[in-house]
Amino acid sequence: MIKIAPSILSADFANLSRDIQAVSSADYLHVDVMDGAFVPNLTVGVPVVKSIRQCTDMFLDVHLMIEKPVRYIEAFAQAGAGLLSVHLEADHPTRIAEALKIMGACGIKRAVALRPITKAESILPYVETLDMVLVMTVEPGFGGQAFMESQLETIRQVRTILDRYNPACELEVDGGISPKTAPLVIEAGANVLVAGSAVYGAPEIPAAIAALRGPSV
Ligand code: DX5
Ligand code: ZN
C-alpha cells in the first residue's frame, strides 16, 4: 500500500488548521522542522507541532532538519509527533543512536533521513531499530524543487538493505514528488511519498492525493 504524506511547508500557515483538514484523506501529515543551520531555511518548532496535534487526528511525521537533534527528541515526542526523522549528517553516529533510543523510550516511531550526498549503506548501523528511512530526492531546505533522478539508485539500494535486514521498515521519499515522479520512486521501492507543492498547488486536493497514490490494484 502506497502512503501519502502531504507536507505543510506548502500550506498557508495563516490558515494551517483549514489546510490540514484539506489533506485528511492522506495517510500521514509531514511537518518540516528547519533550524536555519542544518539547512538555510527556518520553519516551525515544538509549539507548532503541539498546536497541530490538537487540531487533527492524523499521524504526525516530523522531519527534523536541525543540527544535533538529540536535544529535542523528547520535546517533539511530548508535543505529539508520531514519528521523528533525524538526519544522519546532523550529528556524530553515537548521538544519532542516542536520539533513536530516546524515540524508542518515548514510544514513538524512529526514522533516519539521508541528504542526497549520503550513501544508502550509512543506515546499516541503525537498520534493525528503524521504523522508517527517509531518502531525500532534493537538497533539504525548500519546497518546490526539481526531483533528483540520481536518487532513484539510492532508493533501490535502501530497499535492498531493508528487504534483507528489516522488511517491515517503511521507505519514504521527499522532494519533487509529483504524478510524474511518483511511479518512478514507487518502482524503485518507496512506499511513503511526501508531497508539498503537488498537493497544495493542485486545484483539487483529494484528487491530487489519489493521483499520487496511483491505481489501486
Ligand atoms: C524540503 C522538505 C520537503 C518539502 C517538499 O526540504 O523536506 O518536505 O516540503 O516539497 P515539494 O513536494 O514541493 O518538493
Ligand atoms: Zn520533509
Side-chain angles (χ1 to χ4, degrees), residues 2-13 16 19-20 22-23 26-46 48-49 52 58-67 69 72 76 81-90 109-118 130-152 154-155 158 170-186 190-203 205 207-214:
I2 301 302
K3 296 178 182 170
I4 306 300
S7 165
I8 57 162
L9 192 57
S10 297
D12 174 0
F13 279 92
L16 196 49
D19 281 3
I20 289 170
V23 298
D27 302 278
Y28 300 159
L29 190 70
H30 186 82
V31 182
D32 288 301
V33 175
M34 305 187 192
D35 66 353
F38 181 74
V39 288
N41 202 1
L42 270 171
T43 56
V44 301
V46 174
V48 176
V49 171
I52 292 173
M58 287 180 83
F59 182 87
L60 301 185
D61 158 24
V62 180
H63 179 190
L64 298 180
M65 285 161 276
I66 62 176
E67 285 183 356
Y72 295 105
F76 278 107
L83 173 144
L84 290 172
S85 46
V86 290
H87 267 271
L88 290 180
E89 312 83 11
K109 295 202 169 174
R110 296 157 291 190
V112 294
L114 283 69
R115 293 186 98 118
I117 198 171
T118 305
L130 297 174
D131 298 293
M132 191 164 88
V133 174
L134 166 52
V135 175
M136 290 305 299
T137 40
V138 297
E139 271 305 332
F142 300 92
Q145 301 182 76
F147 177 78
M148 293 171 69
E149 207 145 317
S150 54
Q151 283 302 88
L152 289 171
T154 306
I155 298 166
V158 169
E170 299 204 289
L171 203 176
E172 181 177 63
V173 289
D174 183 6
I177 302 301
S178 68
K180 203 171 141 209
T181 57
L184 307 177
V185 294
I186 293 168
N191 79 302
V192 184
L193 277 51
V194 175
S197 36
V199 168
Y200 283 108
I205 288 180
I209 292 169
L212 290 169
R213 231 189 272 282

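For ligands, and for the atoms within them, numbers begin at 1 and follow the listed sequence.
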Novice: Determine the minimum heavy-atom distance between Ala190 and Ile2, stating which atoms define it.
Specialist: O-CD1, 3.9 Å
Novice: What N, O or S atom of Asp32 is found closest to the Zn ion (ligand 2)?
Specialist: OD1
Novice: Looking at ligand 1, does any of its N/O atoms fall within less than 3.5 Å of an N/O of His63?
Specialist: yes
Novice: Output the distance between atom CZ (Phe147) and atom OG1 (Thr137), rounded to the nearest 0.5 Å.
Specialist: 5.5 Å
Novice: Among all protein heavy atoms, pick out the one at the shortest distance from atom 10 (O) of ligand 1; state its residue, atom name and that distance to 0.1 Å.
Specialist: Gly143 CA, 3.5 Å
Novice: Quick one: nearest non-hydrogen protein atom to atom 12 (O) of ligand 1, plus distance?
Specialist: Gly196 N, 2.8 Å
Novice: Please say whether Gly144 places an N or O atom under 3.5 Å from an N or O atom belonging to ligand 1.
Specialist: yes
Novice: Begin with the C-alpha distance, continue with both residues' side-chain angles, and end with the deciding distance and a verdict on side chain to side chain donor-acceptor pair (under 3.5 Å) for Asp32 and Ser7.
Specialist: CA-CA 7 Å; Asp32 288 301; Ser7 165; 2.7 Å; yes
Novice: Can you find an N/O atom of Met34 closer than 3.5 Å to an N/O atom of ligand 1?
Specialist: no
Novice: Hey, which atoms in ligand 1 end up nearer than 4.0 Å to a heavy atom of Ser197?
Specialist: 11 (P), 12 (O), 13 (O)
Novice: For atom 1 (C) of ligand 1, what is the closest protein heavy atom, and at what distance to 0.1 Å?
Specialist: Phe142 O, 3.5 Å
Novice: Closer than 4.0 Å to some heavy atom of Ala195 - which atoms of ligand 1 meet that?
Specialist: 12 (O)
Novice: Measuring from atom CZ of Arg115 to atom CE of Met136, what distance do you get when rounded to the nearest 0.5 angstrom?
Specialist: 8.5 Å
Novice: As an exercise, identify every atom of ligand 1 less than 4.0 angstrom from a heavy atom of His30.
Specialist: 8 (O)
Novice: Roughly how far, to the nearest 0.5 Å, is the NE2 atom of His87 from the CZ atom of Phe38?
Specialist: 4.5 Å
Novice: Near Val194, which atoms of ligand 1 are under 4.0 Å from a heavy atom of that residue?
Specialist: 8 (O)
Novice: To the nearest 0.5 Å, what is the distance between CG (Leu184) and CD1 (Ile155)?
Specialist: 9.0 Å
Novice: With heavy atoms of Met65 as the reference, note each atom of ligand 1 found under 4.0 Å away.
Specialist: 6 (O), 7 (O)
Novice: So which heavy atom on Val138 is nearest to which on Gly176, and how close?
Specialist: CG1-N, 3.9 Å
Novice: Can you tell whether the side chains of Lys3 and Glu170 come within less than 4.0 Å, N to carboxylate O?
Specialist: yes
Novice: By atom name, which N, O or S atom belonging to His63 lies closest to the Zn ion (ligand 2)?
Specialist: ND1
Novice: Could you check Leu114, Val173, Val135 and say which one makes a side-chain contact (heavy atoms from CB on, under 4.5 Å) with Gln151?
Specialist: Val135
Novice: Under 3.5 Å between any N/O of Gly176 and any N/O of ligand 1: does that happen in this structure?
Specialist: yes
Novice: Per the side-chain contact (heavy atoms from CB on, under 4.5 Å) rule, which among Val194, Ile4, Ile186 passes with Leu212?
Specialist: Ile4
Novice: Would you kindly specify which portion of Ser7 sits under 4.0 Å from ligand 1, judged on non-hydrogen atoms: side chain, backbone, both or neither?
Specialist: side chain
Novice: Measuring from Phe76:CZ to Leu60:CG, what's the distance to the nearest 0.5 Å?
Specialist: 11.5 Å
Novice: Can you list the atoms of ligand 1 that are under 4.0 Å from a heavy atom of Gly175?
Specialist: 14 (O)
Novice: Ser10 versus ligand 1: do any nitrogen or oxygen atoms come within less than 3.5 Å of each other?
Specialist: no
Novice: For ligand 1 and Gly141, I'd like to know whether there is a polar contact (N/O to N/O, distance under 3.5 Å).
Specialist: yes
Novice: Below 4.5 Å, heavy atoms only, C-beta onward: do Asp27 and Phe59 meet side chain to side chain?
Specialist: no
Novice: Please state the angle at the Zn ion (ligand 2) spanned by OD2 of Asp174 and NE2 of His30: what is it, rounded to 10 degrees?
Specialist: 100°
Novice: Where is the nearest protein heavy atom to atom 5 (C) of ligand 1: which residue, which atom, and how far?
Specialist: Asp174 OD1, 3.5 Å
Novice: Which ligand 1 atoms, with their elements, are less than 4.0 angstrom from a heavy-atom of Pro140?
Specialist: 6 (O)
Novice: Go through the steps to decide whether Asp61 and His63 satisfy the test side chain to side chain donor-acceptor pair (under 3.5 Å), and finish with yes or no.
Specialist: CA-CA 6 Å; Asp61 158 24; His63 179 190; over 6 Å; no
